[in-house]
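Take a look at the structure set out below.
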Amino acid sequence: MTKEQAVCRMRHAHHLDRKLPRDQILEAASACGFVNSPPGSWELAVRARVEAVSRNDLHCELIETKRLMQAWSLRGAPTIFPTAEAGTFLGALAAQEDEVPIYAQPLSYTAQALKADQKVLLEALRQACRILDDSVVVGKAQLDHVLAEAMKSYLPPSVRSQADEPSLVAKNQTLLEAAVSYLLRQCSLEGRVMMGERQKQEPVFLSPSAWFGSALDNQPQRIVDQFLHCYGPASVQDFARWTGCSRMQAQRLWALSEAERIEVDVQGQRGWMLKADLEELDRLPQETSAMQLLGTHDPFLDLPQRSWILTDPAAQKKVWRLVGSPGVVLHKSQIVGIWNAPVQKGKAQARITLFKALTPAQRDQVCAEMIQLQGFLQRPMGTCDFLE
């Protein structure tokens, strides 16, 4: 395979070459889920993949029909995915008994200060999460506090005596609250806690049973297939980074897809992809030449081989930042620029930094797309400026 073929196939798997009809929001979300960090970023990801969709449509699917749900999943971040696929985005990623949940690894120092075994703390938190069947908690800090208080009755006296000592990692936090914060991801993957409708910009937490009125179908399903479909050719190390799994857990899950995947060579780089995707390589639709705007942290930008969509290392540093990553301008599967659109005096002021020259017609297309994007966000459009 060539790199161009590989990237074209990935773009197709992400539904970026042809938008889906408005009634296929769930299909867009099922490809690889939408990490919703910062909050609201998933909306732009859906807009890039679904035709004529509105924010009201997304609110309806997430809050009213509840065919979508939000919980801590990929890389421990809030992730939105079809409720029917909880077994893929939650159950499959839950660490087994002999695997240390990667999000709990920093817990060791807190556990030592509490004089507690990590497994004892996790089991106590599992029991404490039952209170979320009957109550809603607003705010992450409040969730840590409420669950820490509920845990105490399930812990031995020696641990309870240390529970309210100051945290080692954050101000205004106790040792036990810190332990809760580390262990909550595992409880989310086990289907014990999720996010409901936000209140006054604050996240809301409750149990899936309380949100859906019945237990969540969280039987593990294979997530490696989802990953390889959207990001293959790739390696088990790439899969571990994408999911946030430990090495041991990633290798266990990777082995489950052995019969479905095949190793391929992409211009000297080896990787694995699904056999079914390889067989359909010659039947991909022709790439559109339209200019596209992807939001910050769009799932397409999670591909392991960043140089395949942006060759310049200096430009890569501007796209993939530790904090404050911008949106990108995409043309034929290649990143040709970045964008930001801060709101000033009530209007979005778009600033587009180009990595390569665009024709006047292409610039007009980018501006037209930006106007539509801001309309989707219900923001009046101000200026649209290009920076070389």
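Both backbone and side-chain heavy atoms feed into the values below; hydrogens, waters and symmetry mates do not.
With hydrogens and angles ignored, the 3.5 Å screen pairs a side-chain donor or acceptor of Q316 with a backbone N or O of L310. Q186 contributes a side-chain N or O that, together with a main-chain N or O of A95, makes up a donor-acceptor pair within less than 3.5 Å. Panel note: side chain Q226, backbone I223; no donor-acceptor pair is recorded below 3.5 Å. In this structure a side-chain-to-backbone donor-acceptor pair under 3.5 Å is present from D57 to S54. Distance alone, capped at 3.5 Å, places no donor-acceptor pair between the R9 side chain and the P233 backbone. Looking at S325, its side chain never comes within 3.5 Å of a backbone N or O of H297 through a donor-acceptor pair. Between the side chain of W320 and the main chain of L301, a donor-acceptor pair closer than 3.5 Å is present. The main-chain N or O of A361 is never found under 3.5 Å from a side-chain atom of D364 such that the two would form a donor-acceptor pair. Looking at D265, its side chain does come within 3.5 Å of a backbone N or O of Q267 through a donor-acceptor pair. For the pair R126 (side chain) and C187 (backbone), a donor-acceptor distance under 3.5 Å is absent.
Side-chain contact check for F300 versus Q292: every heavy-atom pair is 4.5 Å or farther apart. Within the 4.5 Å cutoff, the side chain of Q24 has no heavy atoms near those of the H15 side chain. When side chains are defined from C-beta on, L121 counts as touching L176, because their heavy atoms get closer than 4.5 Å. When side chains are defined from C-beta on, L68 does not count as touching L58, because their heavy atoms never get closer than 4.5 Å. In this structure, S167 and T110 have side chains that are not in contact, with every pair of non-hydrogen atoms separated by 4.5 Å or more. By the 4.5 Å heavy-atom criterion applied to side chains, K318 and P326 are not counted as neighbours. No side-chain heavy atom of W339 sits less than 4.5 Å from a side-chain heavy atom of L387. Under the 4.5 Å side-chain criterion, counting only non-hydrogen atoms from C-beta, M69 is not in contact with E85.
Between K275 atom NZ and E280 atom CD the span is 15.0 Å, to the nearest 0.5 Å. In this structure, I352 CD1 and R363 CZ are separated by 9.0 Å, a value rounded to the nearest 0.5 Å. Distance CZ/F34 to CD1/I25: 9.5 Å, rounded to 0.5 Å. Separation of atoms CZ (R49) and CZ (R18) is listed at 15.5 Å; rounding is to 0.5 Å. Between L147 atom CG and L183 atom CG the span is 11.0 Å, to the nearest 0.5 Å. For the atom pair M291 CE and Q365 CD, the distance stands at 6.5 Å (nearest 0.5 Å).
Counting heavy-atom neighbours within 6.0 Å of Q344 CD, excluding the residue itself, gives a total above 12. Within a 6.0 Å sphere centred on NZ of K332, heavy atoms belonging to other residues, nucleotides or ligands number 12 at most. Crowding of E202 atom CD: a count of heavy atoms from other residues, nucleotides or ligands under 6.0 Å exceeding 12. No more than 12 heavy-atom neighbours from other residues, nucleotides or ligands sit within 6.0 angstrom of CZ on R247.
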Would you check, one step at a time, whether the test side-chain hydrogen bond (donor to acceptor under 3.5 Å, both in side chains) holds for R130 with Q127? CA-CA 6 Å; R130 293 178 178 178; Q127 299 300 322; 3.0 Å; yes

Run the numbers on F376 and V53 for side-chain contact (heavy atoms from CB on, under 4.5 Å), then give the verdict. CA-CA 8 Å; F376 169 81; V53 70; 4.2 Å; yes

Would you check, one step at a time, whether the test side-chain hydrogen bond (donor to acceptor under 3.5 Å, both in side chains) holds for D225 with S257? CA-CA 7 Å; D225 292 355; S257 70; 4.7 Å; no

Test log, rule side-chain contact (heavy atoms from CB on, under 4.5 Å), inputs Y154 and E123: CA-CA 8 Å; Y154 300 103; E123 185 54 37; over 6 Å; no

Step by step, work out the side-chain contact (heavy atoms from CB on, under 4.5 Å) result for L228 and W254. CA-CA 10 Å; L228 287 177; W254 189 259; 3.8 Å; yes

Does Q349 form a side-chain contact (heavy atoms from CB on, under 4.5 Å) with T383? I'd like the steps, not just the answer. CA-CA 5 Å; Q349 310 298 334; T383 59; 2.7 Å; yes

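The shortest non-hydrogen separation linking A150 to I131 is CB-CD1, 4.0 Å. When all heavy atoms are compared, the tightest approach of W308 to Q334 is O-NE2, 2.9 Å. A116 approaches V159 most closely through the heavy-atom pair CB-CG2, 3.6 Å. Among all heavy-atom pairs drawn from V120 and P156, the shortest one is CG1-CD, 4.3 Å. Contact detail for M195 and A71: the closest heavy-atom pair is SD-CA, 3.6 Å. Minimum interatomic distance between A13 and A31 (heavy atoms only, all atoms of both residues): O-CB, 3.9 Å.
Placement of I371 and V329 within a single hydrophobic cluster is found when ILVMFWY residues are connected by side-chain heavy-atom separations under 4.5 Å, directly or transitively. Note on M370 and V343: separate hydrophobic clusters, where clusters join Ile, Leu, Val, Met, Phe, Trp and Tyr whose side-chain heavy atoms are under 4.5 Å apart, directly or indirectly. In the hydrophobic clustering of this structure, M248 does not group with V236; members are Ile, Leu, Val, Met, Phe, Trp, Tyr whose side-chain heavy atoms approach within less than 4.5 Å, directly or through other members. Residues M10 and V264 fall within the same hydrophobic cluster, defined by Ile, Leu, Val, Met, Phe, Trp and Tyr side chains chained together at heavy-atom separations under 4.5 Å. Under a hydrophobic clustering in which Ile, Leu, Val, Met, Phe, Trp and Tyr are joined whenever their side-chain heavy atoms come within less than 4.5 Å, directly or via other members, L62 and L377 fall into the same cluster.
Electrostatic pairing of D98 and R252 does not count as a salt bridge here, judged by no charged N lying under 4.0 Å from a carboxylate O. Between R47 and E369 there is a salt bridge, since a side-chain N of the basic residue sits under 4.0 Å from a carboxylate O of the acidic one. Salt bridge R192/E190: present, at least one basic N to carboxylate O contact under 4.0 Å.
Here F227 pairs with Y231, F239, W242 under the ring-ring contact (aromatic ring centres under 6.0 Å, His included) rule; sequence neighbours left out.
Residue pairs meeting the side chain to side chain donor-acceptor pair (under 3.5 Å) criterion with at least one member in residues 138-150, sequence neighbours excluded, are K140-D144, K140-S181, H145-E177, E149-K152.
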